[in-house]
Amino acid sequence: MSVKHEQRTYNGEERVWVGKYRNSHNLLHWHYDCELLYVERGRIDVFCGGKKYTLGASDAMYIHSGEIHYMQAREETYLLVFIFKDELVKRACGDVRPFSPLIIGSESIPDAYAYIKRELSEKGEYYAQAANARTELLIIDLFRNLPVTGNVHADASVNTLKKLLDDVEENYADYTFEKAAAFAGFSDAYFSRLFHKQLGMTFSQYLNNVRIKHAVAIMRAQPEVSMTELSIKTGFSTIRNFNRMFRSITGYSPRDLPPYFRFEDRYPDCDVSGDPTLEDCTLIE
């Protein structure tokens, strides 16, 4: 699962975006915006803040600015997603966050989603101000019923990991564990422990996900590419290892990959209707 610094743009003066997803499978990513997830139906695993949580129907999770996170649906799952600038949080409640990101049974979230969705879709007079204000009201409603703590900024080691992950995203084909540890300035043993604790996987697992994600992108852009050339381009030592890892990560062989398959490592900047025939991480409204 690849990590990269995500930069969101908004269409106007609004500082919030909302969308509903079916069977979300995000790759690891982080951004300066805050994120609120709410499960309408199903179950989904979310990794955030060095821990993995399983959310069921009516559960929610608040992901603060700068947190590395990813998610994977366990079954047929419908997820409401809010992404908003941290300035709305600070304006509403100050420089705080919930003590735990997990929010159990918040009934106010679906109504807030419907209101904000309508304002952003219809774009009536003062729609941006209305959407921003409703988001702030939702934040207040959530935070006032939860234990909160002062905002804890990431320590130097986590910030170093973020820089490493951005570098791996650009230079994935030539990366090794040893090069990653050297980039971070840590011993091999300490780097291995830190990486697994903060990201929930080994560096090798992360690197293979990045490489396969790029392999899929190259296949889409260059349909004529041979599998041998593709394996070399993406940093695999043998075609056998490439094929094995491709199937392990995507569930398909390279030649059997369905046209609808995609890696989703970020949410789209605009709200477009998803194709209902898609099976993975489809934006449905």
Side-chain angles (χ1 to χ4, degrees), residues 1-4 6 19-30 37 39-48 52-57 61 68-79 81 165 168-169 172-173 175 177 195-196 199-268 272-284:
M1 298 180 177
S2 70
V3 178
K4 62 183 177 183
E6 188 179 301
K20 182 188 290 190
Y21 277 82
R22 172 176 176 251
N23 299 343
S24 185
H25 296 274
N26 261 176
L27 299 184
L28 276 166
H29 65 290
W30 68 278
L37 311 174
V39 181
E40 270 197 335
R41 191 175 84 191
R43 289 188 305 159
I44 189 168
D45 292 331
V46 183
F47 182 89
C48 176
K52 186 165 77 171
Y53 303 83
T54 299
L55 279 61
M61 176 167 283
I68 298 174
H69 57 284
Y70 68 86
M71 64 199 72
Q72 183 168 6
R74 285 193 169 199
E75 56 195 47
E76 184 77 359
T77 303
Y78 289 85
L79 188 71
V81 178
L165 299 174
V168 173
E169 176 68 22
Y172 58 91
Y175 250 92
F177 174 89
F195 196 96
H196 191 272
L199 276 74
M201 63 181 67
T202 67
F203 179 77
S204 176
Q205 290 171 323
Y206 160 73
L207 181 59
N208 283 328
N209 274 276
V210 176
R211 288 173 169 173
I212 295 302
K213 184 195 79 167
H214 282 278
V216 171
I218 293 171
M219 288 171 61
R220 296 285 190 252
Q222 305 172 31
E224 72 285 353
V225 67
S226 72
M227 293 303 101
T228 300
E229 182 183 2
L230 187 59
S231 67
I232 294 171
K233 278 186 174 184
T234 51
F236 289 95
S237 56
T238 67
I239 184 66
R240 180 178 180 181
N241 189 32
F242 169 75
N243 285 330
R244 179 176 62 84
M245 204 55 61
F246 196 100
R247 181 179 289 277
S248 173
I249 291 170
T250 68
Y252 301 95
S253 71
R255 298 192 183 281
D256 294 332
L257 189 71
Y260 58 73
F261 184 91
R262 61 174 176 158
F263 281 95
E264 185 65 47
D265 56 3
R266 67 193 302 276
Y267 291 116
V272 293
S273 296
D275 183 339
T277 64
L278 302 190
E279 296 182 3
D280 292 315
C281 198
T282 302
L283 178 65
I284 58 175

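Scanning all heavy atoms of the two residues, the minimum distance from Met227 to Ile239 falls at O-CD1, 3.3 Å. The shortest non-hydrogen separation linking Gly56 to Val39 is O-CB, 3.2 Å. Closest approach of Asn243 and Pro254 over heavy atoms only: OD1-CG, 3.5 Å. The heavy-atom pair separating Asn208 from Ile249 by the smallest distance is O-CD1, 3.6 Å.
If you take CG on Leu79 and CD on Glu40, they are separated by 9.0 Å, rounding to the nearest 0.5 Å. Remark: Ser204 OG to Met245 CE distance equals 6.5 Å, nearest 0.5 Å. In this structure, Leu199 CG and His69 NE2 are separated by 12.0 Å, a value rounded to the nearest 0.5 Å. Between Arg211 atom CZ and Ile218 atom CD1 the span is 12.0 Å, to the nearest 0.5 Å. To the nearest 0.5 Å, atom CD of residue Gln205 and atom OG of residue Ser248 are 9.0 Å apart. Atom-to-atom distance recorded for Tyr78:OH and Arg22:CZ is 5.0 Å, nearest 0.5 angstrom.
Counting only N and O atoms by type, the side chains of Thr238 and Asn241 include no donor and acceptor under 3.5 Å apart. Side-chain atoms of Gln72 and Lys52 form no donor-acceptor pair, as typed in the model, at a separation below 3.5 Å.
In this structure, Thr54 and Ile44 have side chains that are not in contact, with every pair of non-hydrogen atoms separated by 4.5 Å or more. Counting heavy atoms from C-beta on, the side chains of Met71 and Met61 never come closer than 4.5 Å. Contact annotation: the side chain of Glu224 never approaches that of Glu229 to less than 4.5 Å [non-hydrogen atoms, C-beta and beyond]. Looking only at side-chain heavy atoms (C-beta outward), Ile68 and Leu165 come within less than 4.5 Å of each other. With contacts defined as side-chain heavy-atom distances shorter than 4.5 Å, the pair His214/Lys233 does not qualify. Contact check for Thr234 versus Ile212: no side-chain heavy atoms found under the 4.5 Å cut-off. At a threshold of 4.5 Å between non-hydrogen side-chain atoms, the residues Phe195 and Thr202 do not count as touching. Phe203 has its side chain within reach of Val168: a pair of non-hydrogen atoms, C-beta onward, lies under 4.5 Å apart.
Residues satisfying the side-chain hydrogen bond (donor to acceptor under 3.5 Å, both in side chains) test with Arg41, not counting sequence neighbours, are none. Scored by the side-chain hydrogen bond (donor to acceptor under 3.5 Å, both in side chains) test, Tyr175 finds Asp167 as partners (sequence neighbours excluded). Arg43 pairs by the salt bridge (Lys or Arg N to Asp or Glu O under 4.0 Å) definition with Glu75, not counting sequence neighbours.
Ser231 places a side-chain N or O within 3.5 Å of a backbone atom of Thr228 that can act as its donor or acceptor partner.
Tyr70 and Phe47 have parallel rings, their planes meeting at less than 30° on a 0 to 90° scale where 60° marks the start of perpendicular.
Phe236 and Phe246 have their aromatic ring centers separated by at least 6.0 angstrom.
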With side-chain contact (heavy atoms from CB on, under 4.5 Å) as the criterion, how do Tyr53 and Asp45 come out once you've worked through the C-alpha distance, each side chain's angles and the decisive distance to 0.1 Å? CA-CA 6 Å; Tyr53 303 83; Asp45 292 331; over 6 Å; no

